[in-house]
Structures are given as structure tokens and as C-alpha cells.
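Read through the structure below, which is laid out as C-alpha cells, and then see the notes.
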Amino acid sequence: MEKLKTFLNSSYTPYQTCENAKNILAEHGFKQVEFGRLGKLEVGGKYFLSDGGTFAAFTVGKGDGVMIAAAHTDSPMLKIKGRNTLSGNPARLDCEVYGGAINYSFLDMPLKICGRVCTCESDTVTAHNVVSSFRVTAPSLAIHVQRDVNSSFSPSVQTDLTPFLGSQSDLLASLGFGKNAADFDLYACPAAEPYDSGANGEYLCSPRIDNLTSVFCALQAVCAAKPKGINICICFNSEETGSRTRTAAGSAYCTNLIKEIYAAAGKGNFENATDKTLLLSVDNAHAVHPAHPEKSDPVTKAELGGGITVKQHVNYATDALSSSAVKKIFTDSGVKVQDFYSNSDLPCGSTIGLIAAQSLNVRACDIGIAQLAMHSASEMCSYRDIEAMTKGLTAFFGKRVTFTDASAKTE
């Protein structure tokens with residue numbers, strides 16, 4: 001699991017995630033191509049592309065079925081607003097929250113400034129991936145001057161979540177950029193090292209477990225599996241903010257790319273293969289918290305170490321047919337499966353599965369690994385579930401599923 005830890009520790013933003021994914025795929029013989037210019041995809045070929053924090057890796061077999069595993073590359077973090085720092089000494093970064101973060105978890109946490117900076121030379125604008133060589137911190141206010149902190153405290157994003165840049169008040173200069181820097185997408189990202197937890201080291205604690213564990217498992221699986229038709233691992237940016245950007249799951253990019261892949265592989269029109277397509281939305285689920293079991297469903301609880309979680313809710317893409325087909329693939333390969341249902345008194349968000357399935361007109365199932373502290377600056381999951389997910393996705397990519405209105409045949 002050291003490779004996973006390295007991936008989590010260095011994939012600060014979607015831009016670094018795509019760069020790391022590119023390196024992994026290149027090591028496994030994948031050829032880089034461009035959206036809109038795929039050319040002819042050969043049987044036995046392995047390909048990938050990257051755009052705007054979204055990447056796709058795909059392999060081509062002889063058949064016409066399509067197996068898709070979709071995840072997302074973004075996690076909650078602090079987005080830096082503009083190049084000017086807040087007034088005062090020391091200089092502080094002006095931030096807003098990206099995604100639904102547990103805000104207080106970012107206080108006293110080591111952070112790095114990461115993302116991309118665009119420079120302008122002559123008539124060309126170029127984006128450069130950036131990771132600061134230094135850390136910054138947003139220190140909390142001492143208990144001595146806020147006596148009610150343990151009973152009633154909610155940090156102000158504008159006032160409290162402002163990491164100290166220090167005596168260097170020029171943000172871009174601190175990152176090594178001069179006057180030719182035009183604009184940027186920069187974030188203050190959790191930079192705590194991943195670590196093992198528990199007497200037997202059975203748990204992993206790290207930033208970005210949601211959802212980079214899914215990205216990593218899907219990458220390992222698409223590299224390992226031999227496709228019967230076309231296997232696609234696609235990981236989107238912007239899921240934490242609604243999946244509505246140019247290369248997000250809710251955009252035309254997803255549908256157009258998969259149609260182009262299918263046609264470039266010589267399979268014809270993708271519309272003729274929707275009954276042979278299955279999409280997995282791979283995004284983590286909530287494990288029951290032993291200190292707060294009342295927050296989970298009273299009957300069906302997903303547990304740390306309980307295997308791959310099939311996510312069941314009216315806001316998810318899962319239905320009985322897709323769920324049964326997926327469970328059969330997993331159990332036939334010796335992978336444990338459990339169900340997740342939300343507590344009915346609590347709201348439940350949607351996923352990229354529902355969004356992508358709607359635009360593609362394909363069957364879909366939401367799955368993930370169960371975790372705790374979701375959207376905290378440091379989260380927690382079980383190594384056993386990561387192993388199960390990798391094995392399960394590898395088995396998934398080795399199958400083809402054919403659907404009718406009332407049946408699903410796996411082969």
C-alpha cells in the first residue's frame with residue numbers, strides 16, 4: 001500500500017492527480033491521445049487522455065461491450081482568492097471553501113499551496129502544475145480567549161480559514177513566478193502524511209481518501225484487466241461543486257468522449273451498445289460510526305472492513321438489476337459485498353453515477369468503500385476494503401454484461 005500512500009500524499013488537486021495518473025498509466029504501456037483526435041484504436045491497445053483535471057484511461061478488446069468505472073479527482077480544500085494577501089502581519093491567504101468541507105478540520109493542519117499557474121509569453125498562455133516547497137497553516141484561536149470553543153464554535157471561513165503566508169506577502173513570487181503570471185487555480189490543500197492506524201495497522205488515515213482511493217483502485221484495475229470489449233476508467237473534476245464544469249460528469253464531454261472511443265475502436269455507434277454497457281460510480285460511502293450509530297440506518301449499516309459497499313438510495317443510480325449484476329461479479333471473484341442505506345431522517349446527496357447514466361442512457365450502480373470522517377482534512381478507511389475494491393474492479397473489467405428489461409447476463 002505504499003504506492004497508494006504516495007498517490008494520496010502527492011495528488012493535492014485534480015491537476016496533480018492527473019499528472020500522477022499519467023505516470024502510472026505510462027508505466028503500464030498506455031499511449032497518450034487527444035480528445036477529438038483519437039484516430040484508430042487497435043484491439044489490444046491501451047490509451048489515456050487528460051483535460052482540465054479530468055482523465056480517462058481505456059483499453060480495447062474484440063467484443064462490443066463497454067465497462068465503465070467512474071470516480072472523481074477533486075476533494076474539499078481551501079481555494080485561494082486572488083493574488084493579493086490579507087492586510088496585517090504576517091501576510092495571510094484570502095480563501096474560500098471548495099466543496100463541502102468540515103471547516104474546523106483545516107485549522108492547525110499543515111497545508112501546501114497547490115494547483116496550477118498560467119503564464120503568458122507572446123501570444124501563448126501556458127498552465128503549469130504547482131506544489132509549494134513550503135507548508136502554511138491557519139492557526140486556531142486559543143481557548144483562553146474563546147472560552148466557549150468546546151461548546152459552541154463555528155469557524156468563519158473569511159476570518160479564521162486564512163493560512164499564514166508569513167513575511168513573504170507576494171503569493172506568486174513565493175511559488176517562483178514573476179510578472180508573466182496571468183492567473184491561477186491555487187488551493188491550500190491538506191499536507192498531512194498518510195499513516196496506518198489501529199493496533200494491527202488495519203486502518204489508513206489520510207487527506208483525500210474521498211475519492212482518491214477510488215481513483216487509485218480503478219487505475220490499478222484498468223491496468224491489470226484484459227477487456228472483452230472496451231474498458232473505460234474515467235475520473236472527473238468538479239464533482240464536489242456539482243459536476244457542471246466543461247469536463248465534469250454533467251457535461252457533454254463525458255458522452256462525446258465515450259461515443260468517440262466506441263467509434264474509434266471500430267465498434268460502430270455507441271447507441272447500439274447501451275444494453276451491453278454497465279457504469280460503476282465509484283465514490284466512497286459512510287461507515288457506521290461506533291460513537292454515533294444513530295446517524296446510520298438502524299438496520300443496514302456499512303462497516304469498515306466489510307467489503308465493497310453497494311450504495312442504495314433514491315438519489316443514486318443503483319437499481320435491483322444493476323446491483324444484482326455487480327454483486328454477482330464481485331462475489332464470484334471472492335470479494336465481500338455490503339449494502340449502504342442512509343438514515344431516512346438525514347439528507348443524501350447525488351453522485352456522478354446518476355448524472356453520467358442519464359446522459360449516456362446506460363445502466364449504472366453506485367459503489368464505494370466505507371469510510372469515516374468524510375470531507376475532513378484527514379479521513380479514515382480500512383485497508384481490507386481498498387484491497388477488495390481493487391480486486392472487485394479488476395473482476396468487473398474482465399466481464400461483459402448484457403441487459404434486457406428484466407435480466408442481466410454476465411460473461
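Sequential numbering from 1 along the given sequence is applied to the chain's residues.
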Would you kindly say whether Asp339 and Thr300 are connected by a side-chain donor-acceptor distance under 3.5 Å? no
Heavy-atom neighbours of Tyr104 OH exceed 12 at 6.0 Å: no
Verdict with reasoning, Thr54 to Asn237, per side-chain hydrogen bond (donor to acceptor under 3.5 Å, both in side chains): CA-CA 5 Å; Thr54 291; Asn237 192 1; 5.6 Å; no
Please examine the side chains of Glu202 and Arg384, heavy atoms only from C-beta on, and report whether any two atoms are closer than 4.5 Å. no
First locate atom NZ of Lys391, then atom CD of Gln220, and finally report the distance between them rounded to the nearest 0.5 Å. 16.0 Å
The side chain to side chain contact (heavy atoms under 4.5 Å, CB included) partner of Pro207 among Ser11, Pro190, Pro110, Cys189 is Pro190
Derivation and outcome, side chain to side chain contact (heavy atoms under 4.5 Å, CB included), residues Ile102 and Met374: CA-CA 8 Å; Ile102 300 178; Met374 187 178 289; over 6 Å; no
Smallest separation among heavy atoms of Thr318 and Gln312, with atom names: CG2-OE1, 3.5 Å
What closest approach, in Å, do Thr73 and Leu212 show between heavy atoms, and which atom pair accounts for it? O-CD2, 3.8 Å
Criterion side-chain hydrogen bond (donor to acceptor under 3.5 Å, both in side chains) on Ser243 and Ser238, from CA distance to verdict: CA-CA 5 Å; Ser243 298; Ser238 308; over 6 Å; no
Test log, rule side chain to side chain contact (heavy atoms under 4.5 Å, CB included), inputs Leu186 and Leu171: CA-CA 10 Å; Leu186 289 175; Leu171 170 61; 4.2 Å; yes
Is there side-chain contact between His286 and Gln371, with at least one heavy-atom pair below 4.5 Å? no
Looking only at side chains, do Asp366 and Thr351 share a donor and an acceptor under 3.5 Å apart? yes
Only one of Asn284, Asp283, Thr390 passes side-chain hydrogen bond (donor to acceptor under 3.5 Å, both in side chains) with Thr213; say which it is. Asn284
State which residues pass side chain to side chain contact (heavy atoms under 4.5 Å, CB included) with Gln338; sequence neighbours excluded, sorted by chain then number. Ala302, Glu303, Thr309, Ala370
Exceeds 12 heavy-atom contacts within 6.0 angstrom, atom NZ of Lys327: yes
Kindly write out the residues that satisfy salt bridge (Lys or Arg N to Asp or Glu O under 4.0 Å) with Lys81, not counting sequence neighbours, or none if the list is empty. Asp94
Polar side chain donor-acceptor pair, Ser407 to Thr404, under 3.5 angstrom: yes
To the nearest 0.5 Å, how far apart are CD1 in Ile68 and OG in Ser281? 11.5 Å
Rounded to the nearest 0.5 Å, what separates atom CD in Glu260 from atom CZ in Phe58? 8.0 Å
Polar side-chain atom of Lys311 near backbone of Ser342 as donor-acceptor pair, under 3.5 Å: no
Contact summary for Ala71 and Asn211, nearest pair of heavy atoms: CB-ND2, 3.5 Å
Rounded distance (nearest 0.5 Å) linking atom CD1 of Ile230 with atom CZ of Phe397: 12.0 Å
Tell me if a side-chain donor or acceptor on Thr162 pairs with a main-chain N or O of Gln158 at a distance below 3.5 Å. no
Measuring centre to centre across the rings, with the benzene-like ring taken for any Trp, is Phe35 within less than 6.0 Å of Tyr253? yes
May I have the step-by-step check of side chain to side chain contact (heavy atoms under 4.5 Å, CB included) for Glu121 and Thr126, ending in yes or no? CA-CA 8 Å; Glu121 298 284 353; Thr126 304; over 6 Å; no
Determine whether the aromatic ring centres of residues Phe48 and Phe30 are separated by less than 6.0 angstrom. no
Can you tell if the side chain of Leu204 reaches within under 4.5 Å of the side chain of Ser197, non-hydrogen atoms only? no
Please answer whether the main-chain N or O of Asp74 pairs with a side-chain N or O of His72 as donor and acceptor at a distance below 3.5 Å. yes
Under a 3.5 Å cutoff, is there a donor and acceptor pairing between the side chains of Ser10 and Asn20? yes
Between His289 and Ser296, do the side chains contain an N or O donor and an N or O acceptor separated by less than 3.5 Å? no
Identify the two heavy atoms, one from Cys254 and one from Ala356, that lie closest to each other, and give their separation to 0.1 Å. SG-CB, 4.4 Å
Can you tell me how far apart CZ (Arg116) and OG1 (Thr13) are? Round to the nearest 0.5 Å. 9.0 Å
Tell me whether Gln146 at atom CD has more than 12 heavy atoms from other residues, nucleotides or ligands lying less than 6.0 Å away. yes
Before giving the answer on side chain to side chain contact (heavy atoms under 4.5 Å, CB included), spell out for Leu38 and Tyr47 the whole-Å C-alpha distance, their side-chain angles and the decisive distance to 0.1 Å. CA-CA 9 Å; Leu38 294 186; Tyr47 308 89; over 6 Å; no
Close side-chain approach of Glu379 and Asp210, heavy atoms under 4.5 Å: yes
Under 4.5 Å between any side-chain heavy atoms of Ile234 and Leu257, yes or no? yes
Which residues satisfy the salt bridge (Lys or Arg N to Asp or Glu O under 4.0 Å) test with Arg246, sequence neighbours excluded? Asp51
d(Asn84 CG, Leu93 CG) to nearest 0.5 Å is 11.5 Å
Do any N or O atoms from the side chain of Arg208 and from the backbone of Leu8 form a donor-acceptor pair under 3.5 angstrom? yes
Should we say atom NZ of Lys5 is surrounded by more than 12 heavy atoms from elsewhere, each under 6.0 Å from it? yes
Do Lys46 and Lys31 make a side-chain contact, defined as non-hydrogen atoms from C-beta onward lying under 4.5 Å apart? no
Determine, using ring centers only, whether Tyr12 and Tyr187 are less than 6.0 Å apart. no
Take Asn315 and Ser350 through the side-chain hydrogen bond (donor to acceptor under 3.5 Å, both in side chains) test and state the conclusion after the steps. CA-CA 5 Å; Asn315 288 359; Ser350 185; over 6 Å; no
Where do Ile308 and Gly392 come nearest, in terms of heavy atoms and distance? CD1-CA, 4.0 Å
Any donor-acceptor pair under 3.5 Å from Asp385 side chain to Gly305 backbone: yes
Within a strict 4.5 Å, meaning less than it, do heavy atoms of the Val130 and Tyr15 side chains meet? no
Is Arg83 atom CZ crowded by more than 12 heavy atoms from other residues, nucleotides or ligands, each under 6.0 Å away? yes
Heavy-atom check, side chain of Thr85 versus side chain of Arg92, under 4.5 Å: no
Distance only, no hydrogens: is a donor on one side chain within 3.5 Å (strictly under) of an acceptor on the other, for Ser322 and Asp319? yes
Between Ser152 and Asp148, a side-chain donor and acceptor under 3.5 Å: yes
Over all atoms of both residues, closest heavy-atom pair of Phe270 and Leu360: CE2-O, 3.9 Å
Using 4.0 Å as the upper bound for N to carboxylate O, is an ion pair formed by Arg37 and Glu34? yes
